[in-house]
*Asks:* 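Below you'll find the structure I mean.
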Amino acid sequence: MMKGFLNNISKKYASKWLVLLFDLVVVIFTFFLAYLIRFNLKLDFNFLLFLKQVPFVALAACISFVAVGSYKGVVRFTGFKDIINLIIGANILATILICCTFISRKYDTEDSLFNISGAIIYIHLLLNILFLIGAKLTVKSTYNSIIQDLKPITNILIYGAGSSGMITYDALTNDPKTNHNVIGFIDDNESKIGKKIDLLNVYPLRKITSEFISKNKVHEVIVSIQNIDPTRLMNITGHLLELKLKVKIVPPVQQWIDGDLSPGQIKDIKIEDLLGREPISIINPRLEAQYNGEIIMITGAAGSIGSEIARKITQYDYKKLILVDIAESALYEIQQELLRKGNSNFTAIVADVRDESRMDQIMDQTKPKIIFHAAAYKHVPLMENNPYEAVGVNIVGTKNIANLAVKHAVSKFVLISTDKAVNPTNVMGATKRVAELYINCLQNGAGNTKFITTRFGNVLGSNGSVIPLFKKQIEEGGPLTVTHKEITRYFMTISEACHLVLEAATMGNGGEIFVFDMGSSVKIFELAKNMIALSGLRYPEDINIKITGLRPGEKIYEELLADDEKTRPTYHEKIMIALNKPIENQDVVEKIVILCNIYAKIHNLEIVSHIKEIIPEYLSNNSKFEVLDIKK
C-alpha cells in the first residue's frame, strides 16, 4: 500500500507557482533574518518600515525568479543548473534592491520603503543563496531517502576514473528512480590509483578479488571507458565475471540522449562487445542519392539479412520497396513490423525464386531498378545432406533472378554471398561460389546491369547462428556444443552486414566481390565460455562445453579470400575488393546451365560431381563426397 502511494506521489510534480510561492516565503524569511543579523539579533529597528518593505522585496524577488525561470525546475530533481539559476536569481534580486536604494537616497527621504541598508542587502543575498539552495536540496534528499528506503541498495564500482567515469557517477547518484551506491572506481592508470574522487577510492583491477567483493558487498561493475579496446574489454569482463559480478557498459557518447547520459542507457554487456574488434562504421552521403526515388526489390526479404536491409532502406525516400520471400509466416512478420513503424510504401509478395515465370511476372509488374538477392539456403549440415535443394535455391534461384535482371533492365544486382564460398569444403559454400561465378559471367555479357557480390562472415543473431543456439542451450541447462576446440569464425553484426550491402550497391561498378577487414577470427570455444559467464554461470561447474566433432563439410578455419585472390583497397579502409583470376565465361556458363537443367533428374552424388567440375577448388570435407570426380 505504502509503495503504491509513493509510486503515485512520484508521478506527480508540484505546481511551478507553488514552487515560486515557496521561494518567495524563503526570501521574506531571510529578509527578516538579515535585519536581525544587522542589528545584532535584536529588534532594535523600525519594524513598521520593515513590514512596508516586505511587499517590495517580494515583488523584486518574483521578477528575479521569473526572469531566470528557477521556479520551473522539479525540486526533487534539483541539479547543478538549477543551483546556478537560483544564484543568478538571488543576485538579480540584490541588484534590483541596490539600484532602488541608490535612486531612493538620491531623490527621496531616508525613511522610504525603497531605501534598504547596503549591509542588509548583502546579508540578504548570502542568506538567500544559502537557504534557497539548502531548501531545495533538503527536499530532494528527503524525497530520495523515502523512495530509496523501499528499494534494495545496489553497490557499484565504476571502471574508469576519467571524465566519462565522473559523468557516469553523476548520472547514477542523481537518479531518484534507483538506489545506486557507488563505492569506488577502478582504473588502469597508475597515477590515479590510490587517490580519491569525491572521497571514493580508485582501485587497480588486481585489488578486485573475492575478498574485496565480499567485504564491500559489490553487486556490479559499470565499464565507463569510451573507445575501449575490445580485447582489453574481454579481459576485464572475464575477470569480473569470474567473481560473479554483473557487468554493464556505458554506450558511446553519440548514443547519449541530447548529449546527456541517463542510467537507463547503461546496459548489460553483450557478446557483441566481446568479439575482439572494433565495429565497422560506414558513412556515405551518396547512399541517399543512390536509393531516393528508386524501386527496390529484396529477395529473401524475410530472412535475417533481407529483413535488416528492408529496415535500412525504409530510412530513405525510395519510390517503392518489393519484399519477396517463400516463407509466408516470416514475411508476414516483417510486413507487420514495417506497418507498425508507419511504412506503407512497400509490397510483400510470397514467391519462390526458383519459379522463373512467376518472378518474371513480378518483375514485369513492379519494374525494380535495384535488386538485393538475399534468398539462399545457408545451413551447412542441412545442405550437405540435401544438395538438390542447395542447387535449386542457391544456383537456379540466383540464375533466374540474374537473367531477369538483365531482361528487365535492372540497374544494379547485389548478391549476398558468404565466406564459405572461398575454397569451399561443403555443398552450401560451393553452390554460393557457383552463384558468384554466374553473375560474374553475366557482367561481361549483354545488358547494362551491374552485378555486385558481397561476402559475409558469420552474422551474430541471425537465424541458425551460434549465438542463439548457445543461448537456448544455456536456458536448457547445457551442455553447450562446439564441434572442435580450435574452430574459429569471423563475426559481424547484422547491422554491419547490411551497411556493407548498401555501401556495395553504391560503390560497385559491376563485377566486384566486396570483402572487408573483419579483424581477428574468434575461437568458438572461448565464445561459449564468455556466454556462460555472461549468463551468471560458471564453466564447467554450472554448465559444461561438449566437443561433438566437425560436421560434414565443416572447416576449422574460415577464409575471406581464395588462394588465387588478391585485393585492392576502396575509399573505406575496412572494405576491399577481391581480384579474381580470369575465367572462361562461356565454358563456365555452359556447365552451370547443364547443372541447372539436369539436377532434378540425377542423384546427390552426381550433383556434387557436376559442382566439382565447375569449381575445381571444391574439396569436400564430407567423406561420401570427397573422392568424387565427374566421368566424361
Side-chain angles (χ1 to χ4, degrees), residues 270-273 275 279-280 282 296-315 321-341 343 346 348-353 370-383 389-390 393-394 397-398 401 414-421 426 428-429 431-432 435 453-473 489-505 514-516 518 522 524 527 531 558 560:
K270 298 181 293 184
I271 197 66
E272 289 93 331
D273 300 314
L275 290 181
I280 292 175
I282 300 173
I296 301 167
M297 173 182 282
I298 303 172
T299 67
S304 304
I305 293 294
S307 61
E308 183 63 19
I309 294 174
R311 294 182 190 98
K312 292 192 179 302
I313 289 295
T314 58
Q315 299 172 7
L321 180 60
I322 301 101
L323 308 179
V324 178
D325 206 297
I326 195 173
E328 173 203 14
S329 298
L331 185 62
Y332 174 78
E333 289 178 7
I334 186 62
Q335 178 196 50
Q336 294 304 305
E337 178 188 331
L338 295 182
L339 289 173
R340 286 193 301 272
K341 292 180 179 178
N343 301 299
F346 71 93
I349 301 174
V350 179
D352 189 345
V353 293
I370 300 174
I371 294 178
F372 294 98
H373 182 53
Y377 280 143
K378 60 183 182 180
H379 295 289
V380 171
L382 282 176
M383 293 305 100
E389 296 296 336
V393 174
N394 295 354
T398 301
I401 304 302
V414 183
L415 171 67
I416 312 301
S417 190
T418 170
D419 55 1
K420 293 175 179 61
N426 52 67
M428 191 281 283
T431 54
K432 292 296 288 184
T453 297
T454 55
R455 279 187 190 154
F456 297 144
N458 296 275
V459 180
L460 285 171
S462 66
N463 298 326
S465 72
V466 69
I467 304 300
L469 173 63
F470 283 167
K471 286 181 179 178
K472 186 174 182 180
Q473 290 175 338
R489 291 292 180 265
Y490 292 100
F491 284 99
M492 63 177 162
T493 65
I494 293 176
S495 180
E496 286 177 321
C498 295
H499 269 306
L500 180 59
V501 174
L502 297 181
E503 180 75 11
F514 287 92
V515 296
F516 72 111
M518 299 178 70
V522 176
I524 302 300
L527 188 67
M531 286 202 64
E558 294 289 9
L560 295 173

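In what follows, every heavy atom counts, from backbone to side chain, and hydrogens, waters and symmetry copies are set aside.
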*Asks:* Drop me the distance from Leu469's CG to Met531's CE, to the nearest 0.5 angstrom.
*Replies:* 9.0 Å
*Asks:* Is a side-chain N or O of Thr454 found less than 3.5 angstrom from the main chain of Val501, in a donor-acceptor match?
*Replies:* no
*Asks:* State, with a plain yes or no, whether a side-chain heavy atom of Thr453 is found less than 4.5 Å away from one of Phe514.
*Replies:* no
*Asks:* If I take atom CZ from residue Phe346 and atom CD1 from residue Ile298, how far apart are they, to the nearest 0.5 angstrom?
*Replies:* 11.0 Å
*Asks:* Atom CG of Asp352 and atom CG of Asp325: how far apart are they, to the nearest 0.5 Å?
*Replies:* 9.5 Å
*Asks:* Would you mind reporting whether Ser307 and Lys312 have side-chain heavy atoms less than 4.5 Å apart?
*Replies:* no
*Asks:* Which heavy-atom pair separates Asn343 from Leu339 by the least distance, and what is that distance?
*Replies:* O-CD2, 3.4 Å
*Asks:* What is the minimum heavy-atom distance between Val393 and Tyr377, and which atoms define it?
*Replies:* CG2-CE1, 3.2 Å
*Asks:* Compare every heavy atom of Leu323 with every heavy atom of Ala301, then report the nearest pair and how far apart it is.
*Replies:* CB-CB, 3.6 Å
*Asks:* Can you give me the closest heavy-atom contact between Gln335 and Ala348, atom names plus distance?
*Replies:* NE2-CB, 4.0 Å
*Asks:* So how far is it from Glu328 CD to Leu331 CG, rounded to the nearest 0.5 Å?
*Replies:* 8.5 Å
*Asks:* Taking the side chain as every heavy atom from C-beta outward, state whether Phe470 and Ile524 have any pair of such atoms under 4.5 Å apart.
*Replies:* yes
*Asks:* Just how far is it from atom CD1 of Ile313 to atom SG of Cys498, taken to the nearest 0.5 Å?
*Replies:* 9.5 Å
*Asks:* Going by the rule salt bridge (charged side-chain N to carboxylate O under 4.0 Å, His left out), which residues pair with Lys341 if we only count those two or more places apart in sequence or in a different chain?
*Replies:* Glu337
*Asks:* For a side chain to side chain contact (heavy atoms under 4.5 Å, CB included) check, start with the C-alpha distance between Val515 and Arg455, then their side-chain angles and the critical distance, and finish with the verdict.
*Replies:* CA-CA 5 Å; Val515 296; Arg455 279 187 190 154; 3.9 Å; yes
*Asks:* What's the spacing between Leu338 CG and Arg311 CZ if we round to 0.5 Å?
*Replies:* 7.5 Å
*Asks:* Does some side-chain heavy atom of Leu502 sit less than 4.5 Å from a side-chain heavy atom of Ile309?
*Replies:* yes
*Asks:* Does the side chain of Lys420 reach to within under 4.5 Å of the side chain of Met428, using non-hydrogen atoms?
*Replies:* yes
*Asks:* Specify the closest pair of heavy atoms between Ala327 and Ala302, including all atoms of both residues, with the distance to one decimal.
*Replies:* O-CB, 4.4 Å
*Asks:* Gln473: what forms a side-chain hydrogen bond (donor to acceptor under 3.5 Å, both in side chains) with it, not counting sequence neighbours?
*Replies:* Thr481
*Asks:* Compare every heavy atom of Lys378 with every heavy atom of Ser304, then report the nearest pair and how far apart it is.
*Replies:* OG-NZ, 4.2 Å
*Asks:* State, with a plain yes or no, whether a side-chain heavy atom of Thr398 is found less than 4.5 Å away from one of His373.
*Replies:* yes
*Asks:* Side chains of Ile349 and Ile322: does their closest heavy-atom pair fall under 4.5 Å?
*Replies:* yes
*Asks:* Any heavy-atom pair between the side chains of Val414 and Ile371 that's under 4.5 Å?
*Replies:* no
